[in-house]
Each structure stands twice: as C-alpha cells, then as structure tokens.
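These notes are about the structure you will find just below.
Sequence lines set the chain letters: A, B, ... in the order given, protein chains first and strands last, and positions in each chain run from 1. Since we're looking at a predicted model, the values are computed, not measured.
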There are 2 protein chains.
Amino acid sequence: MDHKRATIKDIALALKLSPSTVSKALRDHPNIGVTTKERVKKLAEQLHFVPNQTAIRFKQQKSFTLGILIPSMLDHFYVAAVEGFEKFAYDNGYNVLIGQSHESLQREKELLLTMQSNRVDGLIIAISRETVDTTHINEFVQSGTPIVYFMRKPINEEYHCVCSDVYTGSIDAIAFFVSRMHKRIGFINASSYWTTSRDRFLGYRDGLIQHRIPFDKSLVQESDFTQESNFQATRRLMQLDKPPTAILAFKDQVMLDALSCLRRDFATRADSIELIGYGSNPMIQYLERPPLASLKEQPFEIGQKAGLLLLDLVNHPQTGYQPQLVKLPCELQVFSSYKQR
Amino acid sequence: MDHKRATIKDIALALKLSPSTVSKALRDHPNIGVTTKERVKKLAEQLHFVPNQTAIRFKQQKSFTLGILIPSMLDHFYVAAVEGFEKFAYDNGYNVLIGQSHESLQREKELLLTMQSNRVDGLIIAISRETVDTTHINEFVQSGTPIVYFMRKPINEEYHCVCSDVYTGSIDAIAFFVSRMHKRIGFINASSYWTTSRDRFLGYRDGLIQHRIPFDKSLVQESDFTQESNFQATRRLMQLDKPPTAILAFKDQVMLDALSCLRRDFATRADSIELIGYGSNPMIQYLERPPLASLKEQPFEIGQKAGLLLLDLVNHPQTGYQPQLVKLPCELQVFSSYKQR
DNA sequence: TTGTATGCGTTATCAA
DNA sequence: TTGATAACGCATACAA
C-alpha cells in the first residue's frame, strides 16, 4: 500500500529530470524528446500516477467545475436535466457540482455560497419556490461567475434562460381540449414569480381567445406542488358553480394528484374530466386509465443547451450583455387509450 | 463589477496586517485581538470575501469531498440514497461528487479515475451490472482512499457494506404469500454477482423451506432491469407447465413491468397473480389496482449510514481491517386495496 | 497579540 | 531539448 500518492516531483527525481520536463512530457508537449516522453509515461503508469486536479485547479485559477442548482432530485424532470447538463459538461472536461434547494430560499443562498467557495466556473439554476427577491443571485453574478437560468426564471429578471416553450404548449393543449368539445377548461398553475408560469398562463388565455371561449378567472388556481395543495386546487375547481370539464395542469405530478383527487372525492364525475399535464412522466405508462395527454418536454436537451450557453459565457465573458432566451418545443403526447376515440 | 475576487492578502494589505493574522482572525483563532477580528471581518464582508476552497483543499491536502457512485439517478432508490448521503456529508462539512455508471463497467472505471483525480477523501459505491471483475476497485482502495459498498456489493469481496436486510425481507414476503394460500411462488432476481441478489435468493429459498414448500429451480428467473428483460422473465414464469400464482420481484420497477406484462399478455390470469417487489416506489400510490405489497427499504438512511461509516474510515484509516456489514430492515407494506380482504 | 517564512503540486515563463 | 524559478491562496510552525 503506497500511502503517499506519486507526484510529478517523484517521477522527476527518479528519472533525474526536472518537474517541468515531466509535466510537459505527461501532456505531450511538442518540445520534449520522444524517448523522454516514453520513460516518463512508463514510470508514471508504474507508480499509478494520477494528476492532482486539486493542484491544477489551484494553479490554473479555474475549477473546471460547473454548478447546477435544482429544486429536488426527486423530481424526474430535474434529474433528466442534470443528466443532460452532466453529459455536456463531462464531454467538455468539466465536473458538475449539484445542489438541491428543496424549495428553500435559505438553502438556495447557502448553496450559492458553496458554489462560490468552490469557485465554479459557471452555474445554471432553477430557482426555488420561495425565491421572490433575487438579490443573492445578482450578487453572485456581480462577483464574476456567469449563470444561466433554466425552466424557472424570475419574472423580473432579463437574463439568459433555457426552457420549454410552454406558451405554445398551452396553446396546443387548449386546441386539443377544444377539439374534444370542451368549453370550460380549468388550469392549475404554479408560482407567479416564474416566467414559466406566466407563459403557461398566457398560452392558456390566448388559446381560449383563439377559440372564442370567454376567460374566467375562477378557472385558474395556483398550487405549490405539495399533494395537499394539488388536491385543494382541484377541489376549488370542482366546487365551482360551473366546474370545468377539462383541466390543464402545471406538470404531470400535479395532474396525477388531480386525478387521484377526482377519483376519490368526485367519483361520479371523475371519468368525464379530461386532463393534460406537462412533462411526460414515464410512470404514466403504468396507469391503467391514464389521463388524456401530456406535453412532452425535453429536460435532457434543456440541460445540454443550458450547458452550451453557459460554457460560452465562461469562455467569452463579454458576450454576457445580450440575454439569450432559448425555448425548446413541447410535444403533445396523447395516451393510447384515447387515441382512437 | 470587481472581477478579481478578494483574497486574504487584499484584506491584509488594506488593513496593514499580515496575511496570517487575517487568516486567523477570519477563523476566530483565540489569540487574535477582538478589535482586529472586528476590523478584518467587516472589511471581508465589504469586499465580499469568500474563502477559496480550491486553495484550502490544496493546502490541506484534503478535498473535503466524498464521492458516491450509483448506477443511475433515474432510479428513485438511488436518488434517495444520494439525498441521505448528501445530507450527512453537508452536515459534516463535506461536498459530494456524484457519478453515474449507467451500468457500464467502462464508465465505472473512468469515474473511479475522476474521483481519484479529484482526490475525494472517500467513496461509496453501488457497482454496475457489468462489474464482475473488481480489480479496478481494489486498486482504488490500494491507493489509499477508503470505500464503502452500498446495496450492490461484489459477491467475492469481503468489505464494508451498508444495505437492506433483503434476506429477512424475502422471508417475510414468502410468509405473507403463504398466508394467502400461495404454494407456487415465482422469483425474478438480478445479477448473481451481487450479494444483494444472493441474499434475496437465500431468503426466498429458506422462506419456502420454512413453510415446507419444495424449491423449484424453474421458478427463479433473472432480469437485467430493462423493460424487455423484465417482460421476458415474466413470460418465462407464466409459460411454465405449472406457472406461479405469486411472484416476488427484485425491485418495484421489475414488479411494475411484470404487472404490465401480465395484464397485456396473460389478461385472463393477471388478476389472480399476486406480486411483491422491493422499494416502495412512491408512484405506486397512483395505480388504481396496485400490486399486493412492497418491501419498503430505507435508501435515505442507507446513504446516511454509509456516509457515517465512510467518514469513520476517512478519519481513522487503521480501522479498515475489520469489514463492517450493516443491514437495515425492510418493512412489508401492503397496499390498501388488499388490506381488508 | 501579531508577523515571517514555508510549502502543498502544478504549470508558465524564461533561461540554458 | 531540458531546467530553474516563480506563482496561485491559504494555513501553520515558529519567531518577535
């Protein structure tokens, strides 16, 4: 057990070379002799030499690490986004530092500090539910580390962002509902501080307008994603004088809870209510009577795209002034049991 | 925009102190004057000073980072384990580096190198499906970094491991099946290179013995977790001359696929087959006709416990000789629709 | 109570 | 083609 790891120095000493020569040899620097390179590499392998990233980072004043801040890994959507981001990062020689806010502003602030402390070269972030004020994020950016928002962008910030084109998604959903003769369409939305909520809403509203359906404020309810909140929103809709015959939900998790609520509390009417959510949660395939449809998003691609944009900012800090807004399309995916109706 | 981050030197210079004094003041070292501390801390805040972990790691020859290697974050079980591990790590001042093997041995080897290169202070690992030979892991340990296996431990290695007590779990499952009059009980297992597969099997076999049910080799099938493989294993069981009336599955995902397969390909018999899986996947609550039961595991606690064990090894390298084996109990959770039968 | 000197592993610059 | 030197930011042993 060689408890002390081999360093460049060790190799240099053993081979009677200088550390700088060894360093260059290991990295195939052009002006090092072929034989020297061979000797160095051979010994390096024998000694199980592994370059010390810790030292390289320090020396280069660059962490080769990108950060990603998400609400929770228990949400399949964000896991997929992490996957895409990670793949992009690894392909470009970067590590990834993951942080979960668990929807807590306090935690988000702490994590931002951790990211700074670790000197991440850049960060992508989906803000927490509690994030109304964005001073802490602005300070982070001020300190020189570029960020890219993804999915959840503060509504009062103009900044780089990659997200789903939920506006068009909502338009499509409404059109599909209308084609199935629905005229009263409920909508369960999320935090009004996110552009992604606003865009969903605008699509919902404009979709109604396109089909000459009057907009009714009471048909729009807000939920915070907890099961209880999803249930309550559903109940509020169903207890209206003129309840909806169809519901568009902010995301599949909300839709599934709405479905549970309907079947439990409104059993007689449950089967006549049609539902569309966002996300295409893979578990839906296991339901015997799945909801009507889901707007399939592209979380993996969103993670990748956000990484691409971020790396560009990392390498060309001056491009930071013109905020980029990337929207990836959603696709309405109708579940099989409804297709042939 | 202060593009260059403040360092201890900057503070020292501005306050006409030495860097070492500032360093000590910031960390509340006892022999620094109160007024000095105040001056230092005040300026540090004004300059938005954030200690450079990159430098600290380098200086201390310690990364304050723990690694975790899992098959995939798309598996809810491992996400929960990461959560537990992460919480423990953060509470103890450590960062976490996550790697996903995606069941590839090649990727696992690469990730092990990345972990070494990042000088993680310790690592917990659930090996990939392809990991039969464990030379790469042993070399990793040889190089001086402690590891703890969790869930998936190579069958030919005696080493620290934290996992579910699946042996007792299988015993309980069989007992429950027997209480419901089943006599032919199928079993879909996973890689025979994992102790967790062997233990499940031993529990299955011993459970049968306890109830004087003859063991039948053909009732045990293996799957690799892909949907197709899960389907095939189910079909092999159902196509036996004397098919099972109940099936124990390696994990809930396998059980759900088995359920799909039964309902699709063996519709007439599907409802008479009872299923038990491992894991208590939260999505099961959304099924209208859920399977019989699931052995609820404790992935969060397993992650925490593995972290605890690992940190002990990190801090007391000499304790490494007596392999610790920790098993956390599983609890048979019967789904509601069956409870009153 | 504060300051000085040193070194962690690596690489870039410049000299030989 | 190779080598010497300095530097990155911080913590520590020791000196004042």
Within less than 4.0 Å of OP1 or OP2 of [N], is there a side-chain N or O belonging to [X]?
X: A:Q60; N: D:dA7; answer: no
X: B:T21; N: C:dT2; answer: no
X: A:Q61; N: D:dG9; answer: yes
X: A:S23; N: C:dT10; answer: no
X: B:S20; N: D:dT12; answer: no
X: A:R27; N: C:dA12; answer: yes

[X] has an atom [atom1]; how far is it from atom [atom2] of [N], in whole Å?
X: A:F64; N: C:dT10; atom1: CZ; atom2: P; value: 14 Å
X: B:I8; N: C:dT2; atom1: CD1; atom2: C1'; value: 15 Å
X: A:L26; N: C:dA12; atom1: CG; atom2: C1'; value: 16 Å

> Is the closest side-chain donor-acceptor distance between B:R39 and B:T35 under 3.5 Å?
Replying inline: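 No, because no side-chain N or O of B:R39 sits under 3.5 Å from a partner of the opposite role on B:T35.
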> Ignoring hydrogens and angles, does a donor from either the side chain of A:K59 or the base of C:dT10 sit under 3.5 Å from an acceptor on the other?
Replying inline: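 No such pair is found, so the answer is no.
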> According to the interplanar angle, ranging from 0 to 90°, do the rings of B:Y78 and B:F150 count as parallel (below 30°), tilted (30 to 60°) or perpendicular (above 60°)?
Replying inline: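 Perpendicular: the ring planes of B:Y78 and B:F150 meet at over 60°.
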> Is it true that A:R57 and A:D121 make a salt bridge, defined as a side-chain N closer than 4.0 Å to a carboxylate O?
Replying inline: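 No.
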> Taking A:I8 as the fixed residue, which of A:S23, A:P51, A:S18 is the one that meets the side chain to side chain contact (heavy atoms under 4.5 Å, CB included) rule?
Replying inline: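 Among the candidates, only A:S23 passes.
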> Which part of the nucleic acid, if any, lies within contact of A:K24, taking any heavy atom under 4.0 Å across all strands shown: a base, the sugar-phosphate backbone alone, or nothing?
Replying inline: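 Counting heavy atoms under 4.0 Å across all strands, the contact made by A:K24 includes a base.
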>> By the 4.0 Å heavy-atom rule, please label B:K16 as base, sugar-phosphate, or nothing.
In response: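 Sugar-phosphate: the residue B:K16, judged by heavy atoms under 4.0 Å, touches backbone atoms but no base.
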>> The side chain of B:T7 is closest to which nucleotide in this list: C:dT10, C:dT2, D:dG9?
In response: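 That would be D:dG9.
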